[in-house]
A.B. asks: 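Below you will find the structure I want to go over with you.
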Amino acid sequence: MAKKLPLSFYRQDDVTSIARQLLGKVLVTSIDNVRTAGVIVETEAYAGIRDRASHAWNNRRTQRTEVMYQPGGLAYVYLCYGLHYLFNVVTNVKEVPEAILVRALEPLDGIAAMQHRYPHKNTVKMTAGPGSLCKALGIDAALNGEQLTGNRIWIENAPAIADAQILAGTRVGVQYAGADALLPYRFSIKDNKWVSKGKGL
DNA sequence: AGCGCGATGCCCT
DNA sequence: GGGCATCGCGCTA
């Protein structure tokens, strides 16, 4: 089994750089003693208080966003549209509320368990999209605030993806953010069929 | 293939 | 009250 990424990885200060570095790394959950894992193929950076698309824009601080203000290396899991959980990685240091949304995975381990949690006609769609991958990996509100160096959810190291293999585009579903909606903060591995179908890449 | 819609909780005018 | 970091279905072609 590959090595877990250390807390120092998450505490770097450039959220878009970390979002690029996360591509190719392996997101793992161990829930009820079942290991499910997938290669991260798509991410979105949310640049804290200066980014209108971020939950922490303008220093917005609520019970929900509180975990973003903690030191990097925690899971930020929240409910979207009242029914989908979305998994984010909290980055940077304490009081700097930046995070990265994981949008798509290439299934690696525990594929049968994923299919059981999230029966899907088309296996390619099982982990394409932030709500889908949470369902497949069993991620819900119980993992909000969990340390990513613990034994329930973590990210394992893997070789970096070369810049030439990374596509950058606009983030999905953030039109309300005005000019910030145009920032190229969505990253994916070029020509990877497991990337979600949202526009902008 | 692409649009419209409903589910449904948290956070803001 | 309205909009959202979504998804799958059922409808149009």
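Proteins get letters first, then strands, A, B, ... in listed order; numbering begins at 1 in each. Nothing here was measured: the structure is a model prediction, and the numbers come from that model. Note: hydrogens, waters and symmetry copies are ignored here, and every other heavy atom, side chains too, is used.
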A.B. asks: Can you check the Tyr78(A) OH to dC12(B) C1' distance for me, whole Å?
C.D. replies: 15 Å
A.B. asks: Quickly work out the Asn59(A) CG to dC11(B) P distance and round it to whole Å.
C.D. replies: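 Checked: the CG to P distance equals 16 Å.
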A.B. asks: Just by distance, with hydrogens left out, do Tyr46(A) and Glu44(A) show a side-chain donor and acceptor under 3.5 Å apart?
C.D. replies: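 Side chains of Tyr46(A) and Glu44(A): pair found under 3.5 Å.
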A.B. asks: Please report, rounded to the nearest Å, how far the P atom of dC12(B) is from the CG atom of Asn58(A).
C.D. replies: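 For the pair Asn58(A) CG and dC12(B) P, the rounded distance is 11 Å.
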A.B. asks: At 4.0 Å (heavy atoms only), tell me whether Leu79(A) reaches a base, stays on the sugar-phosphate, or touches nothing.
C.D. replies: sugar-phosphate
A.B. asks: Identify the heavy atoms of Leu101(A) and Pro130(A) that sit nearest to each other, and give their distance.
C.D. replies: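 It is CD1-CB, 4.0 Å.
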A.B. asks: Grab the two heavy atoms, one from Cys134(A) and one from Phe87(A), that are nearest each other, plus how far apart they are.
C.D. replies: SG-N, 3.4 Å
A.B. asks: Take a 6.0 Å sphere around NZ of Lys4(A) and say whether it holds more than 12 heavy atoms from other residues, nucleotides or ligands.
C.D. replies: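 Yes, because the 6.0 Å sphere around NZ of Lys4(A) holds more than 12 heavy atoms from other groups.
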A.B. asks: Can you measure Arg60(A) atom CZ to dT13(B) atom P for me and round it to whole angstrom units?
C.D. replies: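 Roughly 8 Å, once rounded to whole Å.
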A.B. asks: To the nearest Å, how far apart are Tyr81(A) OH and dC11(B) C1'?
C.D. replies: 14 Å
A.B. asks: Could you tell me whether Gly82(A) contacts a base, only the sugar-phosphate backbone, or nothing, with contacts defined as non-hydrogen atoms closer than 4.0 Å?
C.D. replies: base
A.B. asks: Counting only side-chain heavy atoms from C-beta out, which of dC7(C), dA7(B), dC12(B) sits nearest to Leu83(A)?
C.D. replies: dA7(B)
A.B. asks: Whether Arg64(A) contacts dC10(B) is assessed here as follows: a side-chain N or O lying under 4.0 Å from the phosphate OP1 or OP2. Is that the case?
C.D. replies: no
A.B. asks: Toss me the dot-bracket line for DNA chain C: Watson-Crick and G-U wobble, both under 3.5 Å, 5' to 3', using | for pairs to another strand and [ ] for crossers.
C.D. replies: ||||.|||||||.
A.B. asks: From OH of Tyr85(A) over to C1' of dA7(B), roughly how many Å is that when rounded to an integer?
C.D. replies: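 My rounded result for the distance is 14 Å.
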A.B. asks: What is the separation between atom NZ on Lys125(A) and atom P on dT6(C), rounded to the nearest whole Å?
C.D. replies: 16 Å
A.B. asks: With nearest nucleotides of DNA chain C determined for Ser132(A) and Gln175(A) from heavy-atom distances, which residue corresponds to the more 5′ nucleotide?
C.D. replies: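 Between the two, 5'-proximity favours Gln175(A).
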A.B. asks: Under 6.0 Å between ring centres, would you say that holds for Tyr76(A) and Tyr78(A)?
C.D. replies: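 So the answer is yes for these two rings.
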A.B. asks: Only one of Val26(A), Leu22(A), Thr149(A) forms a side-chain contact (heavy atoms from CB on, under 4.5 Å) with Leu5(A), so which one is it?
C.D. replies: Leu22(A)
A.B. asks: Other than Tyr185(A), what residues sit in its cluster of Ile, Leu, Val, Met, Phe, Trp and Tyr side chains whose heavy atoms are under 4.5 Å apart, directly or through others?
C.D. replies: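 Noted: Tyr185(A) shares its cluster with Leu183(A).
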A.B. asks: Output the rounded distance in Å from CG (Leu101(A)) to P (dC4(C)).
C.D. replies: 16 Å
A.B. asks: Is Thr65(A) touching bases, backbone alone, or none of the nucleic acid, heavy atoms closer than 4.0 Å?
C.D. replies: nothing
